[in-house]
Amino acid sequence: MSAGGWRAAGQWQQAGQRRACSLAIASPRNAPRHLAPSVVRDHLETFLAAAREDHGKALARYVEAEMRAYLACGILAHGFLRTRCNACGKDLLVAFSCKRRGACPSCNARRMCGTAAHLVDHVVPAVPVRQSVLSVPFELRLLLARNPRALSAVGRIF
């Protein structure tokens with residue numbers, strides 16, 4: 001990592017003095033980034049069984065895998081990385097994340113921020129951008145969704 005990373009965290013210089021190790025102010029070791037809501041944790045098996053019973057077949061495998069990965073995200077018991085400050089010798093355990101897109105709010109937020117940064121830095125040109133939003137009454141939305149000519153006409157008028 002860079003000089004601002006974990007390896008050199010205890011070696012920063014500030015006005016000729018060694019700065020305190022940043023590992024000391026990290027979040028508590030056993031506190032994952034998020035805790036799965038107790039509703040999901042306590043009732044996942046019940047939900048899966050009810051869905052199997054109601055629909056006559058199980059949910060798609062990827063849905064079940066997504067929910068189980070969400071429950072394991074950020075928990076040290078499911079895997080972690082150990083980092084050490086070279087200056088003070090403190091250890092920090094960083095729990096693995098599920099890196100899924102569906103159910104995990106923590107991983108979704110990280111992906112969303114990364115995508116937004118990529119768009120701003122590499123995709124959207126450095127010129128003023130304008131966005132307009134047209135709200136259509138509920139009664140007209142179905143008509144516009146089904147009729148491309150009506151949607152085009154509304155777009156031209158707007």
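Hydrogens, waters and symmetry mates play no part in the numbers below; they use all other heavy atoms, side chains included.
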Next item on the list: List in chain and number order the residues that pass side-chain hydrogen bond (donor to acceptor under 3.5 Å, both in side chains) with R68, two or more places apart in sequence or in another chain; answer none if no residue qualifies.
Entry: E45, E64
Next item on the list: List in chain and number order the residues that pass side-chain hydrogen bond (donor to acceptor under 3.5 Å, both in side chains) with R82, two or more places apart in sequence or in another chain; answer none if no residue qualifies.
Entry: D91
hydrophobic_cluster_shared for [Y] and [X], side chain cutoff 4.5 Å:
X    : Y    : result
M112 : V124 : no
Y62  : L48  : yes
L134 : L151 : yes

Note to self: Taking L71's backbone N and O only, do any of them form a donor-acceptor pair with R41's side chain (distance below 3.5 Å, no angle check)?
What the structure shows: no
Mind checking the [atom1]-[atom2] spacing from [X] to [Y]? Nearest 0.5 Å is all I need.
X    : Y    : atom1 : atom2 : answer
L92  : F80  : CG    : CZ    : 11.0 Å
S152 : L144 : OG    : CG    : 10.0 Å
N147 : L140 : CG    : CG    : 11.5 Å
K99  : R111 : NZ    : CZ    : 10.0 Å
F96  : L76  : CZ    : CG    : 10.0 Å

Check [X] against [Y] and note the closest heavy-atom contact, atom names and distance.
X    : Y    : answer
C98  : C73  : N-SG, 3.3 Å
F158 : V133 : CZ-O, 4.2 Å
C107 : R100 : CB-O, 3.6 Å
G89  : R84  : O-NH1, 3.4 Å
C104 : Y70  : CA-CD1, 3.6 Å

Notebook entry, point to check: Partners of V120 by side chain to side chain contact (heavy atoms under 4.5 Å, CB included), sequence neighbours excluded?
Noted result: none
